[in-house]
Amino acid sequence: MKNVLLLAGIFAVSAIPTIVSAAPCDTYAAGGTPCVAAHSTTRALFSAFDGALYQVRRASDNRTLNIGLTGPGGFADSAAQDAFCASTTCVITIIFDQTTRRNDLTIEPAGTAGPANAGVPADALPVTAGGRMVYGASFSGRMGYRKTAANGVAVNGQPEGMYMVTSGTHFNNRCCFDYGNVEVPIADTGNGHMDAIYFGTLCWFPPCNGSGPWVMADLENGLFQSNDGVSKNTANTGNRAPYVTAMLKNNGQNFFATKDGNARSGGLATRYSGALPTSRPGYSPMHQEGSIVLGTGGDNSNGSIGSFFEGAMTAGVPSDATENAVQANIVSVGYGNPSPVAGGTLAIGSTISLRATTACCTTRYIRHQNNNAVTSVLSAASVATDKDDGTWIVRRGLANNACVSFESRNFPGDFLRHQNFQLFRQPMDGTALFRTDATFCPQAGRSGQGTSFASFNFPTRFIRHFNNTVFIASNGGPNPFDATASWAADVSWVVSTPWTP
Ligand code: AHR
């Protein structure tokens, strides 16, 4: 099985795209609005950059490694990460600033609105860019990075611009998946003390149009789609493209604008361009404090999830022409999913449903319901929500990449994990405990049929259904669900084509 999983982790790569040569920060500089911070786990944002992109730390011995490029101005050396993290797990500990200002992002400590964060899993988001396999940063809640009092970032009404490449398939409605300018203390110090791109479905000033996710300006104490907060743009129903370019610019005095686009094709749509809020005090002029955040709100509100591939901040307000050129370069990178993985197998990235094999229950599948993992009868006639609840995405094991974890199909960032030996769907919180509780090692079905899944941290316990609830159970033991009767059948599952592809 291990070999199967390892083979499944090898991605075929499509034709190498032609990169538009000026990298984003070359373009911003040529436009007179140079980058003051540039962060990416996938590529160089200056054509001449040849340093480290990010640092990973592995669980087995806590050693760290800086991940650089395959060449100047090129793409991340993901092979170095794969070799270093083999048979253990790694988190990203630093995302280095590619400018000379050393505005490196490190894991964000506790703030007034949230506990200390974890680093993102280093291998959770494989992606192709420039025809190579690299990794994005996948935030599952309680994950964030910060640089306090960054060098050269706008303060007190100075003008600035920023962009990030994120994903329209991985978001939620919790505060706040942000990239941009935040407070020096990790606290809400008042209106106008932030100027960050937000991406998600938290409609702070309802009504919003459509179902999102939307690019908004997090200006502190509000996610703004206009000077009045509310969306005034009925065409802005959100952007669900797998790869989204999100932009914000703000002259610090009386103007801001938001834009988004498909990071794989086409141009940018301006969603708002106009006055800063004046109906609420504090935003015009702005009072930015010049720190940088990624993944949380300014006060470390850290319930949000999201994906980050690259982003930069500028001194001065970039022109529309500059932003269009940046978007053209992003498109030329050709962000894309690794080669599609067929559903219904345990290959990493595959979408599956898990069918019980016990004679009583061969039409029942593992699904979540009220956050509990249970089995339900599912069929082609089931309603879409039930099918979604009974579908899982196979991920590399959160605690060991030779095993697997199961991410919810309809609650991205939530995983199957056990707690007091019962299984639940819960948001991945980045802790070592969650990672081990959510990791399962497949082996041949104990009944001789299908596959059984041993708990990573309780290896004599296997995923089992018992009275239609799902546990990790041993073959005989103190709990009713450890009963030996029909144990072998109850822990044997058929990995099936997904109810929701
Ligand atoms: O402005 C929205 C959020 O409000 C900020 O990110 C946070 O600091 C505050 O809770």
Side-chain angles (χ1 to χ4, degrees), residues 37 105 107-117 139-150 153-157 160 162 164 166 171-208 212-231 238 246-250 252 256-258 271-272 275-308 311 313:
L105 296 172
I107 297 173
E108 188 178 22
T112 54
N117 291 281
F139 293 72
S140 302
R142 286 203 186 173
M143 294 176 185
Y145 296 83
R146 200 163 180 122
K147 169 66 183 176
T148 301
V153 172
V155 294
N156 290 323
E160 65 183 340
M162 63 199 79
M164 72 169 162
T166 181
F171 55 83
N172 70 3
N173 63 356
R174 304 277 306 278
C175 183
C176 287
F177 189 69
D178 286 349
Y179 175 66
N181 193 329
V182 287
E183 293 94 339
V184 171
I186 307 180
D188 175 352
T189 56
N191 294 355
H193 286 244
M194 288 181 63
D195 181 34
I197 303 169
Y198 165 83
F199 190 68
T201 48
L202 176 51
C203 181
W204 196 286
F205 297 108
C208 296
W214 305 277
V215 175
M216 302 189 226
D218 188 345
L219 305 179
E220 190 52 279
N221 296 313
L223 307 176
F224 290 82
Q225 296 201 53
S226 73
N227 56 331
D228 292 325
V230 297
S231 175
M247 285 188 179
L248 168 65
K249 54 187 171 184
N250 186 334
F256 81 106
T258 57
R271 302 305 198 172
Y272 175 77
L276 277 163
T278 51
S279 53
R280 295 173 174 79
Y283 298 108
S284 182
M286 295 284 295
H287 303 280
Q288 312 101 303
E289 297 187 25
S291 298
I292 304 173
V293 82
L294 172 59
T296 76
D299 57 4
N300 190 33
S301 297
N302 57 3
S304 49
I305 68 173
S307 300
F308 178 85
M313 300 175 66

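All ligand and atom numbering here is 1-based and tracks the order in the structure. Remember, predicted model here, so these are calculated numbers, not experimental data.
- Between the side chain of Ser291 and the main chain of Glu183, a donor-acceptor pair closer than 3.5 Å is present.
- With values rounded to the nearest 0.5 angstrom, Asp195 atom CG is found 4.0 Å from Met162 atom CE.
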Output a table of donor-acceptor pairs, distance under 3.5 Å, between side-chain atoms of residues 277-284 and any protein atom two or more places apart or on a different chain; print 'none' if there are none.
from	atom 1	to	atom 2	distance (Å)
Tyr283	OH	Asn191	OD1	3.2
Tyr283	OH	Glu220	O	2.4
Ser284	OG	Gln253	O	2.6

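- In terms of polar-atom proximity, Gly297 is not counted as a contact of ligand 1, lacking any N or O under 3.5 Å from an N or O of the ligand.
- Of the candidates Asp299, Thr296, Asp188, Val293, it is Asp299 that places a heavy atom closest to atom 10 (O) of ligand 1.
- At the shortest separation from atom 2 (C) of ligand 1 among protein heavy atoms lies Asp218 OD1, 3.3 Å.
- Contacts with ligand 1 closer than 4.0 Å are made by side-chain heavy atoms of Cys175 only, the backbone lying farther away.
- Residue Trp204 has no nitrogen or oxygen atom sitting less than 3.5 Å from a nitrogen or oxygen atom of ligand 1, judged on distance alone.
- Of the inter-residue distances, the one linking Gln288 atom CD with Asn250 atom CG reads 6.0 Å to the nearest 0.5 angstrom.
- Listed by number with element, the atoms of ligand 1 under 4.0 Å from a non-hydrogen atom of Gly222 are 1 (O), 2 (C).
- Contact of the Tyr179 side chain with the Val293 side chain is not registered, since no non-hydrogen atoms from C-beta on lie closer than 4.5 Å.
- Residue Ser301 has at least one heavy-atom neighbour below 4.0 Å for each of these atoms of ligand 1: 10 (O).
- Checking only distances, Glu220 does come within under 3.5 Å of ligand 1, N or O to N or O.
- Near Asn221, the atoms of ligand 1 lying under 4.0 angstrom from a non-hydrogen atom of the residue are 1 (O), 2 (C), 4 (O).
- Proximity to Gly298 (heavy-atom distance under 4.0 Å) selects the following atoms of ligand 1: 5 (C), 6 (O), 7 (C), 8 (O).
- Legend: salt bridge (charged side-chain N to carboxylate O under 4.0 Å, His left out) pairs involving residues 221-230, not counting sequence neighbours, sorted by first then second residue: Asp228-Lys232.
- Annotation: Arg142, atom CZ; neighbour count of heavy atoms from other residues, nucleotides and ligands within 6.0 Å does not exceed 12.
- The part of Met194 lying near ligand 1 is the side chain, judged by heavy-atom distances below 4.0 Å.
- A distance-only check finds no donor-acceptor pair linking the side chain of Asp218 to the backbone of Gly297 [under 3.5 Å].
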